[in-house]
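See below for the structure under consideration.
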Amino acid sequence: MTIHQLSIFIENKSGTLLRVLNILKEANIQLVASTISDTVEYGIYRIICSDPMEACKTLEKAGISANISDVFALTLDNKPGRAADAISILRQAGINISYLYSFLLGDKGILVFRTDNPDLTRETILLNRLHYIDEEQLDGLISK
Amino acid sequence: MYLHKELETLSRSEIKQLQLERLKQTVNHCMNSPFYKKRFEEYGLKPSDIQSLEDLKKIPFTTKEDLRNNYPFGMSAISLDECIRIHSSSGTTGTPVAVLHSKRDIDQWAEAVARCLYMVGLRKSDVFQNSSGYGMFTGGLGFQYGAERLGMLTVPAAAGNTKRQIKFIKDFHTTAIHAIPSYATRLFEVMQEMGVDPRKDTDLHTLIIGAEPHSEEQRKRIEEMLGVKAYNSFGMSEMCGPGVAFECPEQNGLHIWEDYYIVEIVNPDTLEPAADGEVGELVLTTINREAMPLLRYRTRDLTRILPGDCPCGRHHLRLDRMKGRSDDMIILKGVNIFPIQIEQVLMNFKELGNNYLITLFTTDTNDEMDVEVELSQLFTDDYARLQSLTKEISHQLKDEILLTPHVKLVPKGSLPQSEGKAVRVKDLRKHY
């Protein structure tokens with residue numbers, strides 16, 4: 001019920017981000033979404049991309065610390081208010097969001113997030129019939 | 001001017017005579033030490049082989065490793081029943097060093113410190129505040145006993161809590177303080193914050209600074225800031241603690257008490273005597289210690305003997321400021337730290353790689369330590385977990401080295417690589 005997210009350990013130094021992007025470029029990896037925030041010494045660069053497993057291997061080979069984690073990805077109609085509705089459901093279930101970001105893929109909005117209680121999140125998504133995508137579906141959407 | 005006039009004004013030949021007498025006594029006494037008895041046997045030496053000061057060279061050097069290997073009581077030359085105190089170096093990993101003291105040792109140590117304090121003009125009417133760590137640190141009790149011996153009113157403030165220290169300085173009319181040089185700067189900063197003018201609002205006139213190397217510039221700056229005379233103090237716990245060598249009012253070299261120690265300066269690589277006035281490693285032989293006498297102890301401190309007579313009338317040799325170490329020991333905020341201690345803590349964490357770099361630098365107010373260590377793998381996607389790893393590392397380092405460094409996780413391969421021996425310490429402080 002989740003998608004793979006690539007997380008990369010990046011030092012807050014000039015050039016480190018570019019190095020990562022160039023490695024991914026060489027490996028023909030396509031990024032669909034990514035985020036990094038303004039933490040001080042180091043950061044975790046989170047990426048949704050094509051073939052995350054391959055991307056992770058390529059980075060490790062180049063001596064860059066990375067890992068794959070599972071995150072939830074809800075699909076929302078690209079209309080105002082949809083994110084608020086979805087998060088409201090999660091909140092009512094008592095779920096806390098650790099981090100979240102979103103992007104458009106085709107005509108759908110994708111809400112990517114991680115919570116403090118993956119099992120409860122799974123349950124809540126199913127019970128409330130929230131739309132989500134998994135890794136296979138995401139792969140298909142990216143290659144289109 | 002002189003607390004112990006006779007001893008302090010001995011001529012060079014009188015010093016040598018006294019040293020030979022005490023050396024012979026010490027060498028005989030060392031045969032009661034399991035370590036030295038065995039050492040002498042191994043080298044086919046007998047106490048009767050030492051008939052002149054030149055014969056000192058027949059005795060092999062004693063090193064810190066010898067002390068570590070004989071921890072805790074293997075170096076002792078008297079029964080444990082006769083010992084009344086132990087001082088020990090920091091560290092829970094690896095083997096620390098324990099130094100034993102008899103009643104006579106504690107008394108003689110107090111006399112030495114009192115002699116030093118009297119030499120720079122402190123008297124019974126002074127109020128002496130000791131802002132050094134107490135407990136196992138010899139700077140605490142060492143100065144405490146010496147100051148009390150002089151009859152001064154003592155304020156055993158110990159380290160930290162600067163606002164409170166300043167309140168004491170004002171309320172108790174402190175006239176002299178013992179502190180590490182970097183703390184003297186801190187005192188001044190906080191005084192400024194509190195609106196206290198050291199010259200107008202306090203009675204301070206003397207500062208004793210030691211435990212870490214510092215430059216002449218730094219001393220002058222401290223004197224200017226606080227409106228005091230600042231005197232350099234040198235010692236080490238293996239000898240007793242503070243009181244080994246001290247500046248006189250000339251502030252040009254530290255007189256080392258030759259009725260307590262025989263001084264040698266050797267080339268740290270060849271171990272041959274250094275040429276006159278040349279910088280080398282200070283080697284000390286105790287001739288006034290009972291519980292744990294040390295023969296030709298390699299201090300690893302680099303310095304040189306300043307030639308010529310001193311106008312103060314004392315003929316005890318003058319040592320130059322310490323120039324550095326011939327080993328990799330770091331002295332930060334007066335605390336001795338070996339990089340291996342840090343390495344051993346880092347090794348405990350499986351999340352960390354093999355490379356680390358210790359950087360020492362000076363901020364406006366203080367000396368600080370950064371420890372950069374490589375993350376071997378990104379084991380989590382969670383900032384909070386990485387932060388708590390950093391905190392845990394920092395916490396364990398503090399337990400080991402007694403200071404809290406700033407720990408920084410860095411990516412694999414980002415630390416400078418070297419062809420030969422890894423460079424583990426970068427010292428950016430301006431002290432020399």
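All of these numbers come straight from a predicted model, not from anything done at the bench.
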Pick whichever of A/I64, A/T39, A/N12 has the most heavy-atom pairs under 4.5 Å with chain B. A/T39
Heavy-atom count around [X] [atom1] within 6.0 Å, excluding the residue itself: above 12?
| X | atom1 | result |
| --- | --- | --- |
| B/R68 | CZ | yes |
| B/N354 | CG | no |
| A/E41 | CD | yes |

Distance from [X] atom [atom1] to [Y] atom [atom2], nearest 0.5 Å?
| X | Y | atom1 | atom2 | result |
| --- | --- | --- | --- | --- |
| B/T380 | A/N67 | OG1 | CG | 7.0 Å |
| A/S65 | B/F379 | OG | CZ | 10.5 Å |
| A/E11 | B/E372 | CD | CD | 7.0 Å |
| A/F9 | B/L409 | CZ | CG | 5.0 Å |

Shortest non-hydrogen contact from B/Y383 toward A/G43: OH-CA, 3.7 Å
Of all the heavy-atom pairs spanning A/I44 and B/D381, show the shortest one and how long it is. CD1-O, 3.5 Å
Any side-chain heavy-atom pair from A/I8 and B/L378 closer than 4.5 angstrom? no
For B/D382, is there any backbone N or O sitting under 3.5 Å from a side-chain donor or acceptor partner on A/R114? no
With chain A, the option among B/K412, B/Q377, B/K408 that has the most non-hydrogen atom pairs under 4.5 Å is B/K408
Worked check of side chain to side chain contact (heavy atoms under 4.5 Å, CB included) between B/L375 and A/Y42: CA-CA 11 Å; B/L375 193 65; A/Y42 58 82; over 6 Å; no
